[in-house]
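Presented below is the structure to which this report refers.
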Protein chains: 2
Amino acid sequence: MSPRVRIADVAAAAGVSTATVSRTLSSPGLVGEKTRERVMAAVSATGYRINAAARDLRRQQPRAILVLAPNLANTFFSRIIAAIQDVARQAGLAVQISDSRAGTDVLEAIVQSGRADGIVLLDGALPPDMVRNWTLPVIQLCEWNDGYALPGLRIDNAAAARVAVDHLAALGHERILHVSGPAENVLSQARQAGFREAMTARGLPADIHDGGFTIEAGAAAAHVWAAMADRPTAVFTASDECAFGFISECYRLGFEVPRDVSVIGFDDVDFAGHFIPPLTTIHQPRARLGRQAAERLVSALLEDAPLGEGYDQIPPHLVIRSSTTAYRAKTQGGSAA
Amino acid sequence: MSPRVRIADVAAAAGVSTATVSRTLSSPGLVGEKTRERVMAAVSATGYRINAAARDLRRQQPRAILVLAPNLANTFFSRIIAAIQDVARQAGLAVQISDSRAGTDVLEAIVQSGRADGIVLLDGALPPDMVRNWTLPVIQLCEWNDGYALPGLRIDNAAAARVAVDHLAALGHERILHVSGPAENVLSQARQAGFREAMTARGLPADIHDGGFTIEAGAAAAHVWAAMADRPTAVFTASDECAFGFISECYRLGFEVPRDVSVIGFDDVDFAGHFIPPLTTIHQPRARLGRQAAERLVSALLEDAPLGEGYDQIPPHLVIRSSTTAYRAKTQGGSAA
DNA sequence: CAGCTTTCTGTAATCGATTACATCAGTCTC
DNA sequence: GAGACTGATGTAATCGATTACAGAAAGCTG
């Protein structure tokens, strides 16, 4: 339409000053009732919409939060981001997103641009020096990095690995392979640690294959598993995607899940219950994680209070479906070949 | 850190005026070489970062694009949004996202806030009156609505449906069921039209079940299919998710794919190739769609040129995997029961 | 009714950048 | 060396809102 309507136009239309218009919109209690009505009428008559840049500049707060994720294309994040956006919208905050792997210069420019007044950080692998220098409130979500010295929220990954082992052990499995995520990833490390601990506590050997979170990594792991001399009877994978890759490659190699190997995933993505076989997996409450992190950040922003310290850890929850089953020694006493 | 560094601080540190600093940063050619060096040194010494709100206000353009999608949690969008973000970042634009189903008031506020100077719209079901009133450049992506009278980009959905039918017909299938998306959705409509056209062109009956894009819709469709008197030998589903739901429910009901029924999906999501069986499906080049739409929008914004008119339609591409197979009449000549 | 509150509204400074215009120094030309 | 021109820099207005402060009007008290 016509050139943008400014607050001065509304003021003119209502026969008041711009100050009164501004007050009517942001703190109506300060304005007389009749004036208020006149102003509101002028607002809708002119179709006035506030100019965010001007407001942000004056108020010194952009009323927006920035979400940084290592890979926006990853389905794992979409539900989390949706939940964050939901909370933010209800609080009247905009949501800006960026790939956190954009390069430190770009990232600094984005973070320091003054466009956001709080950050949800889903990446634990950024340079700590950079992150520590950020002056906005930041909350870590899912991944973390002790070098950042920031508060955060995540599930208890080590406990999750223990729960997975508990489940498999209860089914009688003793040779369990852990196809882990990337070695440098904190999630991988925490889960590996939990896995190792649970296995050694039972006096079982902790077999770990450095894999990855992707379908391809899972498929590759299937070959590694198939080539093992004394094949593990159960596999605990880094992610559901990894599990899907593993299972579907096993299938291609002539093995069946759970007949030949029990598989347990991680994340409980939407497909997990509809895969063939339906996948036993550690549930990550992604909507809840996103919502809770956003709420903590948003309320800190609105009250201008510090975020508080420390990590919230959500206890793990195992969803048992059909990709795991009790171990029965095959061809009892038979040879390996 | 310390209170924010402003351009005046840099100017003071370099012993020049703010105008010179500003020019050094935005049009270096106008500034003498020695001065430029001095300014740049002052910039890095002070750690100056431009204040986006102030720049946006003065320049009257926020250098950001807004992505509106009907459901941010949907995995279909994540890769598209990632691609958009990529293009935008390289052009120095921020990306704001919002669920387009937030309600018209909220949406108007977001769109008219002046925070974005262009929109990528992934939703074809917003009120046309509202969308037509938007003064920013908008490009429609994937979905569309003729009522908006806006340019856009999408794959040729009708042609895609025809390709699917061609493939199934070539395999000898004559009774084909189309499990369509939601009836009010443009994609559903276009694909239904293509399906109907291709079927009638062959003199085959066009069976259509109103389903949906979700796993649940697919699972429900499996029951409908199973209960049909003369069961179709092939199914063309609304989406890969729908296909997964269909296949996995079939499996639960004791049917196997493609032995008992060939299934063809739509979208070619990441899992499609790793599902069991690997899914034959229509490929949607999501990264390319996102990139191309973003490029068109971004270049219009940077050159301050209009977006141009009309839809770009990408020809469909069928990926043949293992969920479809040649039809062989069972129990040749046997009875139906 | 004077004096004091209270309530409402207006004036003008302000946020931090950009940029039109003015100024100034140096170079070139005749 | 005067005048014209070029290139570099500074001054100050400007973008559109918010808000401290001031002032006016109305209400209350004794």
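The figures that follow rest on heavy atoms only: side chains count, while hydrogens, waters and symmetry mates do not. The chains referred to below are lettered A, B, ... by the order of the sequence lines, with proteins before strands, and numbering in each begins at 1.
Listed by chain and number, the residues in a salt bridge (charged side-chain N to carboxylate O under 4.0 Å, His left out) with A:R36 amount to none (sequence neighbours excluded). Residues passing the side chain to side chain donor-acceptor pair (under 3.5 Å) test with B:Q96: none are found, sequence neighbours excluded. Residues satisfying the side chain to side chain donor-acceptor pair (under 3.5 Å) test with B:R296, not counting sequence neighbours, are B:D312. Every residue two or more places apart in sequence or in another chain was checked for a side chain to side chain donor-acceptor pair (under 3.5 Å) with B:T104, and none qualifies. When the side chain to side chain donor-acceptor pair (under 3.5 Å) test is applied to A:R89, the partners found at least two apart in sequence or on another chain are A:D86. The salt bridge (charged side-chain N to carboxylate O under 4.0 Å, His left out) check on A:R101 picks up A:D123, with sequence neighbours excluded.
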For nucleotides 22-24 of chain D, list the nitrogen or oxygen atoms of the protein found under 3.5 Å from its nitrogen or oxygen atoms, one pair per line.
none

Pairs under 3.5 Å (N/O, protein and nucleotides 4-7 of chain C):
none

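Legend: salt bridge (charged side-chain N to carboxylate O under 4.0 Å, His left out) pairs involving residues 51-79 of chain B, not counting sequence neighbours, sorted by first then second residue: A:R115-B:D56, B:R79-B:D270. Listed by first and then second residue, the salt bridge (charged side-chain N to carboxylate O under 4.0 Å, His left out) pairs that reach into residues 13-28 of chain B come to none, sequence neighbours excluded. Pairs engaging residues 133-149 of chain B under the salt bridge (charged side-chain N to carboxylate O under 4.0 Å, His left out) rule: none recorded [sequence neighbours left out].
In this structure, the side chains of B:W144 and B:L187 come closer than 4.5 Å at one or more pairs of heavy atoms.
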Each nucleotide in nucleotides 15-22 of chain C should get exactly one letter: B, S or -. Can you fill that in based on protein heavy atoms under 4.0 Å? BBBBBB--
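What separates CG of A:L30 from P of C:dG10 is a distance of 14 Å, to the nearest Å.
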